[in-house]
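The next block holds one structure in the form of structure tokens; read it before the comments.
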Amino acid sequence: IHCSEVHYSVNSKPYYAVGFRNDKGGYELRSKYFKGCTSKDITSVIRNKDHCLLFEGFMDYLSFLTIKNIQNSPVDVIVLNSLANLPKEKNTLESYKCISAFLDNDQAGKRAVQELQSTCNNVNNLSYFYSACKDLNEYLCHKQQNKQSQKLKRSGLKR
């Protein structure tokens, strides 16, 4: 529902990747060997709500849906697909009564949250939930690994 298998070629050699469609009709592409896009833009899911979830990348958005065990967010969602897209979304973000920011735990992510908090109403920096990890996707991966390790320990198997 959120992703597609995208086939493309480089120098006549065929490739495929997971594609996450953006608002320009292009795709963010991810495979074992490639991370890129066909055209860089945000991905937005607007339901005309007062609350917006803001993600730096689509893997973080998909991780959020997995953690919450839901198919779609009940509120508006903006996936920047790059912090470079943040300035062009400022007007849109300023219109929300509440923004829940799930940005990366690096200097760029922290600066972006500070910038948002200086110009927008009620910006909640939720990166503290995954403060020991780079981002929400890494947090989910660690959580899944820990669950698997606990299962192995309970079954008497060692890893």
Side-chain angles (χ1 to χ4, degrees), residues 1-7 15-23 26-38 40-47 49-86 89 92-93 96-117 120-159:
I1 166 172
H2 297 287
C3 296
S4 303
E5 186 175 306
V6 177
H7 293 261
Y15 296 95
Y16 65 93
V18 171
F20 185 75
R21 192 174 173 94
N22 64 38
D23 289 359
Y27 288 89
E28 296 295 316
L29 300 172
R30 298 294 183 278
S31 74
K32 184 176 178 180
Y33 308 104
F34 180 72
K35 178 179 178 181
C37 62
T38 60
K40 189 57 81 179
D41 197 26
I42 65 140
T43 303
S44 58
V45 180
I46 306 300
R47 303 182 193 301
K49 303 289 184 177
D50 292 333
H51 185 191
C52 175
L53 304 179
L54 179 67
F55 297 92
E56 191 164 330
F58 81 90
M59 295 301 283
D60 297 320
Y61 172 56
L62 296 176
S63 295
F64 172 83
L65 295 176
T66 300
I67 291 166
K68 292 294 190 180
N69 195 25
I70 56 176
Q71 293 292 315
N72 290 298
S73 170
V75 298
D76 291 6
V77 172
I78 294 177
V79 180
L80 295 170
N81 293 316
S82 170
L83 283 180
N85 288 325
L86 184 58
E89 287 304 302
T92 301
L93 291 168
Y96 286 100
K97 289 183 182 173
C98 180
I99 299 169
S100 296
F102 296 88
L103 303 183
D104 289 2
N105 276 319
D106 57 11
Q107 287 302 317
K110 290 173 184 176
R111 274 194 309 273
V113 168
Q114 289 174 340
E115 188 179 319
L116 280 170
Q117 289 173 329
C120 298
N121 296 320
N122 201 11
V123 176
N124 299 311
N125 180 5
L126 297 177
S127 65
Y128 69 89
F129 280 116
Y130 48 95
S131 61
C133 298
K134 182 185 86 139
D135 57 24
L136 192 57
N137 183 53
E138 185 178 278
Y139 169 79
L140 175 62
C141 291
H142 279 47
K143 189 175 168 184
Q144 300 292 48
Q145 286 173 344
N146 288 341
K147 274 186 185 176
Q148 189 64 21
S149 293
Q150 291 302 320
K151 275 185 180 178
L152 289 173
K153 283 180 184 176
R154 283 193 302 269
S155 69
L157 299 174
K158 292 185 179 175
R159 211 168 181 196

Given Glu28, which of Lys40, Arg21, Lys35 fulfils the salt bridge (Lys or Arg N to Asp or Glu O under 4.0 Å) condition?
-> Lys40

Please tell me if the side chains of Ser100 and Val75 come closer than 4.5 Å, counting only heavy atoms from C-beta onward.
-> no

Output for pair (Asp104 CG, Asp60 CG), nearest 0.5 Å, gives 5.5 Å

Hey, could you give me the CG/SG distance between Asp135 and Cys133, rounded to the nearest 0.5 Å?
-> 8.0 Å

Once you round to the nearest 0.5 Å, how far does CG of Asp23 lie from OG1 of Thr43?
-> 5.5 Å

Looking only at heavy atoms, which two atoms of Ser63 and Asn137 are closest? And how far apart?
-> OG-OD1, 2.9 Å

Passing option when Tyr96 is tested against Asn121, Asp50, Asp76, Asn122 for side chain to side chain donor-acceptor pair (under 3.5 Å) = Asp76

Where the side chain of Asn124 meets the backbone of Leu126, is there a donor-acceptor pair that is under 3.5 Å apart?
-> no

On a heavy-atom basis, the closest approach of Val113 and Ala101 is CG2-CB, 4.4 Å

Separation of Ser127 OG from Lys110 NZ (nearest 0.5 Å) | 7.0 Å

Closest approach of Gly57 and Val79, non-hydrogen atoms and distance?
-> C-CG1, 3.5 Å

Quick one: do Cys3 and Leu62 satisfy side chain to side chain contact (heavy atoms under 4.5 Å, CB included)? Show the steps, please.
-> CA-CA 10 Å; Cys3 296; Leu62 296 176; 3.6 Å; yes

If every non-hydrogen atom of Leu53 is compared with every non-hydrogen atom of Phe102, which pair is closest and at what distance?
-> CD2-CE1, 4.0 Å

For the residue pair Leu86 and Leu93, establish whether any side-chain heavy-atom pair is separated by less than 4.5 Å.
-> yes

In this structure, CD of Glu89 is separated from CG of Asp41 (nearest 0.5 Å) by 7.5 Å

Considering all heavy atoms of both residues, which atom of Leu103 and which atom of Glu56 are nearest to each other, and what is their separation?
-> CD2-N, 3.7 Å

So how far is it from Asn85 CG to Asn22 CG, rounded to the nearest 0.5 Å?
-> 8.5 Å

Side-chain touch Leu54/Val123, heavy atoms, less than 4.5 angstrom = no

Would you check if the side chain of Ser31 reaches a backbone N or O of Tyr33 as a donor-acceptor pair within less than 3.5 Å?
-> yes

Close side-chain approach of Thr38 to Leu29, heavy-atom, < 4.5 Å | yes

Apply side chain to side chain contact (heavy atoms under 4.5 Å, CB included) to the pair Asn72 and Arg47, showing each step before the final yes or no.
-> CA-CA 11 Å; Asn72 290 298; Arg47 303 182 193 301; 3.5 Å; yes

Can you name the closest pair of heavy atoms from Val6 and Gly19 and give their distance?
-> CG2-CA, 3.7 Å

Look at the aromatic rings of Tyr130 and Tyr139 and report parallel, tilted or perpendicular, splitting at 30° and 60°.
-> tilted

Give a yes or no on this: more than 12 heavy atoms of other residues, nucleotides or ligands lie within 6.0 Å of atom CZ of Phe34.
-> yes

Does Ile67 reach the side chain of Leu136, with side-chain heavy atoms less than 4.5 Å apart?
-> yes

Relative to the ring of His2, is the ring of Tyr61 parallel (under 30°), tilted (30 to 60°) or perpendicular (over 60°)?
-> perpendicular

